[in-house]
Amino acid sequence: MTHSPLLSLDEARTRIKHAVQPIRGSERVVLNAALGRTLAEKILSPINVPGDTNSAMDGYAVAGSDLPVSGEITLTVVGTSSAGHPFKREITSGQAVRIMTGAVLPPGADTVVMQEHVERAGDTARIGAGHRPGQHVRNAGEDLSIGQPVLDPGRELIPADLGLLASLGFGEVSVKRRLRVAFFSTGDELRSIGEPLAEGEIYDSNRYTLRAMLVRLGVDLVDMGIVPDQQEAIEQAFLDAAAIADTVITSGGASVGEADYISQTLGKLGQVEFWKIAIKPGKPLAFGTVGDTLFFGLPGNPVSAMVTFYQIVQPALQRQMGREDTALLRLHATCTTDLKKRPGRTEFQRGILRQNEDGTLSVASCGAQGSHILSSMSRANCFIVLSAESAGIRAGERVEVQPFAGLI
Ligand code: AMP
Ligand code: MG
């Protein structure tokens, strides 16, 4: 086991990127089961969208060459084209077809005049000057043309993608198989909910947070419970987990204390890298492999476990799931509170971001920032990201924030 000096967050991410390979294996799923899955194929459009040139307005389909430059023209209305019921005959000069939004333009017509600009009397339509040939028409293939790339592999499928795939007639799609992630907590002080707490004992909360964060990622879960701080028990748990999972995540025992066996065990059974990363909270992180299985040993402190998960483990899992690289959204906001910080490590303080009436963003600290104070994470809706060099923030200064919530 090597004890590297403090590693920068970027360096840790780069190392993980090199060490983590996308899993193999894909499956075909029906469109309704594809939300949140990782696309495993390149989608090319098999058709033109829209398939036919059609009207963008309710009005009259005409030949652009009939439009008067000045004065007006009277056309004969020879029929109607509505959505799903096209007018199939060709129109000739002097003719118009009543047309509805989304209806196919009849042959011979290339222009639509809005109904508000037409004086209709019986089967005649009077149209004045000022119209442009080709107006109010959606051309076939304007959105997508046959053979055009639509979606790339590695994409997390969002609602719009499912609609897009449906519009192209795809009923199924090939997605990466689900990543299988096993997780357990370590610590002799941990008790499960429902058990009485003796002095010095606490409820295991990390397993709930971890599970929830993993559910959001859409992985298959194996909850292995609480493992005591005993070498043999941890070793057995590691072997059991490695046999069934692509990735194992533990919490607790990541600091180099007497009762901390995670990195020792990892070193004994596989390859270990133990890092002290220059972030706060969440300095210690064990990372390694047992056979083909990846291991992440998160620190036990609840906030540290969450911060290291979001900042380091989640991007690694996304890479393993075959996802394309997606950087988290970062915004700038005016900080309304002083923030204490010492230079040295990148800090992820918990904040409450809000949009002011004038549209600007401001953020306030959500109070005590100890790595054991989970209520700060619960109250927060963003991380306030303070650079390693920063020596603190005074109210009124601009800071970088990472919002927790996305639209999908
Ligand atoms: P450790 O990383 O084992 O040194 O733990 C650091 C701190 O986090 C200690 O105060 C632990 O009691 C606490 N802790 C460890 N695991 C958990 C857990 N699963 N849930 C809540 N707190 C934990
Ligand atoms: Mg412990």
Side-chain angles (χ1 to χ4, degrees), residues 1 3-4 6-7 12 181-216 221-238 240-241 245 247-268 272-288 295-314 345 347-350 368-380:
M1 193 170 75
H3 292 272
S4 26
L6 228 54
L7 205 62
V181 180
F183 58 100
F184 58 88
S185 299
T186 67
D188 285 343
E189 76 283 26
L190 302 179
R191 289 290 166 268
S192 290
I193 296 167
E195 292 176 2
L197 291 183
E199 194 186 350
E201 293 179 343
I202 58 170
Y203 289 121
D204 171 11
S205 62
N206 286 348
R207 219 151 31 92
Y208 288 84
T209 347
L210 196 51
R211 181 192 184 90
M213 293 188 292
L214 290 167
V215 165
R216 285 272 165 94
L221 299 169
V222 186
D223 182 345
M224 298 180 62
I226 300 169
V227 178
D229 286 323
Q230 291 160 14
Q231 180 79 43
E232 312 78 61
I234 290 179
E235 222 173 284
Q236 194 54 52
F238 267 49
D240 292 347
T247 299
V248 181
I249 304 175
T250 65
S251 80
S255 47
V256 194
E258 271 199 75
D260 293 329
Y261 299 107
I262 292 294
S263 39
Q264 283 178 32
T265 310
L266 198 49
K268 185 173 166 194
V272 63
E273 294 210 51
F274 181 81
W275 297 334
K276 291 197 166 198
I277 302 173
I279 61 172
K280 187 180 174 188
K283 193 162 61 167
L285 178 82
F287 168 65
F295 273 80
F296 292 95
L298 305 182
N301 270 312
V303 180
S304 310
M306 290 193 79
V307 169
T308 41
F309 182 89
Y310 282 133
Q311 299 301 329
I312 294 170
V313 180
Q314 179 161 302
R345 297 193 257 162
E347 279 195 28
F348 293 89
Q349 299 203 5
R350 274 73 67 209
Q369 296 286 328
S371 60
H372 56 295
I373 300 179
L374 192 52
S375 59
S376 74
M377 267 312 277
S378 168
R379 271 198 306 279

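Whatever order the structure lists ligands and atoms in, that order sets their numbers, starting from 1. On a predicted model such as this, the values are computed, not experimentally measured, just so you know.
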Using a 4.0 Å cut-off to any heavy atom of [X], which atoms of ligand 1 qualify?
X: Gly253; result: 1 (P), 2 (O), 3 (O)
X: Ser251; result: 19 (N)
X: Glu189; result: 11 (C), 12 (O), 15 (C)
X: Asp204; result: 18 (C), 19 (N), 20 (N)

Using atom types as modelled and distance alone, determine if a side-chain donor or acceptor of Thr186 lies under 3.5 Å from a backbone N or O of Ser251.
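Yes.
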Using every non-hydrogen atom in the two residues, find where Val303 and Ile373 come nearest and quote the distance to one decimal.
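In this case the closest contact between Val303 and Ile373 is CG2-O, 3.3 Å.
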Where's the contact between [X] and ligand 1, heavy-atom distance under 4.0 Å: side chain, backbone, both or neither?
X: Ser185; value: side chain
X: Ile226; value: neither
X: Ala305; value: neither
X: Arg207; value: neither

Going by heavy atoms in the side chains, are [X] and [Y] under 4.5 Å from each other?
X: Leu190; Y: Asn206; answer: no
X: Asp223; Y: Phe183; answer: yes
X: Leu298; Y: Thr250; answer: no
X: Lys283; Y: Leu6; answer: yes
X: Leu374; Y: Ser205; answer: yes

Within-shell test, Gly187 vs ligand 1, heavy atom, strictly < 4.0 Å:
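No, Gly187 has no heavy atom closer than 4.0 Å to ligand 1.
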Between ligand 1 and Pro299, is the shortest N or O to N or O distance under 3.5 Å?
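Looking only at distances, the answer is no, because the N/O contact criterion of under 3.5 Å is not met.
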Mind checking whether Phe238 and Phe295 have parallel, tilted or perpendicular rings, split at 30° and 60°?
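It falls in the parallel class, under 30°.
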Tell me which one of Ile202, Thr209, Leu374, Asn206 gets a heavy atom nearest to atom 16 (N) of ligand 1.
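Going through Ile202, Thr209, Leu374, Asn206 one by one, Asn206 has the nearest heavy atom to atom 16 (N) of ligand 1.
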